[in-house]
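A short write-up of the structure that comes next.
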Amino acid sequence: MKYKNIVEGIFVKRPNRFIAEVIVNGKNETVHVKNTGRCRELLIEGAKVILEESDNPKRKTKYSLIAVYKGDKLINMDSQVPNDIFAEAIVDGLIEEIGEVTFIKREVTYKSSRFDIYYEKDGKKGFVEVKGVTLENDGVVSFPDAPTERGTKHIMELIDAIENGYETSIAFVVQMDSIKYFTPNYERDKSFCDALYLAKEKSVNIMVYECVVSEDSIKVSKKVSGGIVFSNH
């Protein structure tokens with residue numbers, strides 16, 4: 001995925017989940033934040049951030065915050081992009097756990113959940129729930145960065161779907177590169193992590209892929225070499 005009209009800025013503060021104050025070309029600008037998660041370890045005063053400038057004159061904010069530097073590491077934090085790029089990777093046949101598909105559709109309802117991706121292949125049907133990952137510490141990434149009852153509910157319904165004949169997967173899309181391994185974040189949401197472990201036991205496919213990230217692009221690249229580590233089990 002490519003972004004257009006990229007501009008650098010310096011993060012100042014985040015008054016609420018949806019906006020931030022950023023210095024752009026020496027001027028304090030209110031910008032849209034394309035991630036409603038906490039991201040407290042990323043959005044630190046003085047951090048270098050990457051913005052996309054809108055060409056829509058009717059927008060309330062001229063810029064959208066899409067990425068941030070954590071030291072030398074560039075982390076994409078656009079929460080809308082993981083679903084898009086993972087669907088593209090499936091279509092391109094790059095996700096070996098799924099393989100070649102004959103049909104793919106986004107945002108498909110199953111019982112009381114809406115899963116991110118639905119696909120068909122060789123007479124089989126499957127669902128994929130995609131989670132973007134931005135929380136990193138010394139090359140180890142984790143999810144979630146805040147409690148997510150909705151995420152837990154999705155996992156339980158993926159388990160239900162697999163028991164009803166569907167292939168089901170959870171894809172953790174790490175919005176950066178050079179990752180050692182992924183681990184569930186028990187400190188932030190034990191219920192989600194316990195549900196994820198149950199999903200593993202029930203044969204839900206759990207995938208962790210990292211991305212190649214630049215200031216104006218992001219693309220799924222390869223599986224995280226260390227995979228997933230359930231440190232509490």
Side-chain angles (χ1 to χ4, degrees), residues 1 34-35 37 75-110 113-121 124-136 140-146 148 150-162 166-185 188-189 192-193 195-213 217-230:
M1 176 178 173
K34 299 189 78 172
N35 189 319
I75 301 173
N76 180 291
M77 52 176 287
D78 180 351
S79 62
Q80 298 171 12
V81 81
N83 292 359
D84 294 337
I85 61 175
F86 202 77
E88 289 175 4
I90 291 174
V91 170
D92 292 340
L94 301 178
I95 308 303
E96 62 184 68
E97 295 91 339
I98 294 176
E100 299 287 340
V101 301
T102 55
F103 177 80
I104 189 168
K105 187 176 181 181
R106 306 284 296 281
E107 300 290 332
V108 174
T109 299
Y110 173 83
S113 288
R114 180 176 290 180
F115 295 128
D116 295 317
I117 299 169
Y118 167 81
Y119 65 86
E120 296 176 2
K121 63 169 189 177
K124 299 177 182 178
K125 301 177 179 180
F127 293 111
V128 183
E129 183 65 13
V130 180
K131 305 295 183 187
V133 181
T134 61
L135 186 60
E136 178 267 347
V140 177
V141 293
S142 57
F143 183 95
D145 74 344
T148 171
R150 179 172 172 269
T152 302
K153 171 176 167 286
H154 281 159
I155 292 176
M156 300 312 294
E157 293 215 325
L158 284 173
I159 293 172
D160 181 89
I162 203 171
Y166 291 88
E167 294 185 347
T168 66
S169 303
I170 303 168
F172 291 99
V173 177
V174 183
Q175 293 167 253
M176 65 196 89
D177 61 11
S178 303
I179 299 307
K180 296 175 182 175
Y181 63 89
F182 169 92
T183 186
N185 194 344
R188 299 286 173 90
D189 193 337
F192 175 89
C193 299
L196 187 65
Y197 187 79
L198 177 62
K200 174 178 176 290
E201 295 293 289
K202 295 290 186 178
S203 299
V204 175
N205 185 25
I206 303 173
M207 302 177 279
V208 188
Y209 277 77
E210 64 181 55
C211 296
V212 173
V213 180
S217 69
I218 178 170
K219 183 178 182 179
V220 173
S221 59
K222 63 181 180 179
K223 289 195 288 186
V224 169
S225 58
I228 182 168
V229 175
F230 286 92

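All values derive from a computational prediction rather than experimental measurement.
Between F192 and P144 the shortest side-chain heavy-atom distance falls below 4.5 Å. Under the 4.5 Å side-chain criterion, counting only non-hydrogen atoms from C-beta, T168 is in contact with V204. Considering only heavy atoms from C-beta on, V141 stays 4.5 Å or farther from E210 through its side chain. At a threshold of 4.5 Å between non-hydrogen side-chain atoms, the residues R106 and D84 count as touching. When side chains are defined from C-beta on, I104 counts as touching I117, because their heavy atoms get closer than 4.5 Å. I228 has its side chain within reach of L196: a pair of non-hydrogen atoms, C-beta onward, lies under 4.5 Å apart. Between D116 and E107, the closest side-chain pair of non-hydrogen atoms falls below 4.5 Å. Under the 4.5 Å side-chain criterion, counting only non-hydrogen atoms from C-beta, V224 is in contact with V174.
Heavy atoms of other residues, nucleotides or ligands lying less than 6.0 angstrom from NZ of K34 number more than 12. Under a cut-off of 6.0 angstrom, the local environment of NZ in K153 is crowded, with over 12 non-hydrogen atoms contributed by other residues, nucleotides or ligands. Other residues, nucleotides and ligands contribute over 12 non-hydrogen atoms within 6.0 Å of the NZ atom of K121.
Heavy atoms only, all atoms of each residue included: S113 and H154 are closest at OG-CD2, 3.3 Å. The shortest heavy-atom contact between I162 and K202 is CD1-O, 3.8 Å. Looking at every heavy atom in both residues, A89 comes nearest to V220 through CB-CB, 4.2 Å. Taking all atoms of both residues into account, the shortest heavy-atom contact from D78 to N76 is N-OD1, 2.9 Å.
At distances below 3.5 Å, not a single donor-acceptor pair connects side-chain atoms of E129 with backbone N or O atoms of I155. The closest donor-acceptor contact from the side chain of N185 to the backbone of S142 lies at 3.5 Å or more, if one exists at all. Between the side chain of Q175 and the main chain of P82, no donor-acceptor pair closer than 3.5 Å is present.
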Where do M156 and I159 land on the side chain to side chain contact (heavy atoms under 4.5 Å, CB included) test, with the steps shown first?
-> CA-CA 5 Å; M156 300 312 294; I159 293 172; 4.2 Å; yes
Worked check of side chain to side chain contact (heavy atoms under 4.5 Å, CB included) between F127 and E157 | CA-CA 10 Å; F127 293 111; E157 293 215 325; over 6 Å; no
Evaluate side chain to side chain contact (heavy atoms under 4.5 Å, CB included) for Y181 paired with V140, printing each intermediate quantity in order.
-> CA-CA 5 Å; Y181 63 89; V140 177; 3.6 Å; yes
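Taken from CD in E136 to CD1 in I179, the straight-line distance is 5.5 Å, to the nearest 0.5 Å. Within the model, atoms CD of E100 and CG of L94 stand 9.0 Å from one another, a figure rounded to the nearest 0.5 Å. The OH atom of Y119 lies 5.0 Å from the OG atom of S169; values are rounded to the nearest 0.5 Å. Going from atom CD1 of I75 over to atom SG of C211 covers 12.0 Å, rounded to the nearest 0.5 Å. To the nearest 0.5 angstrom, I85 atom CD1 is 9.0 Å from M1 atom CE. Annotation: the span from E97 atom CD to I90 atom CD1 amounts to 10.0 Å, rounded to 0.5 Å.
Between F230 and Y197, the ring-plane angle classifies as perpendicular under the 30° and 60° cut-offs. Taking the six-membered ring where the residue is Trp, Y110 and F115 present parallel rings, their angle staying beneath 30° rather than reaching 60°.
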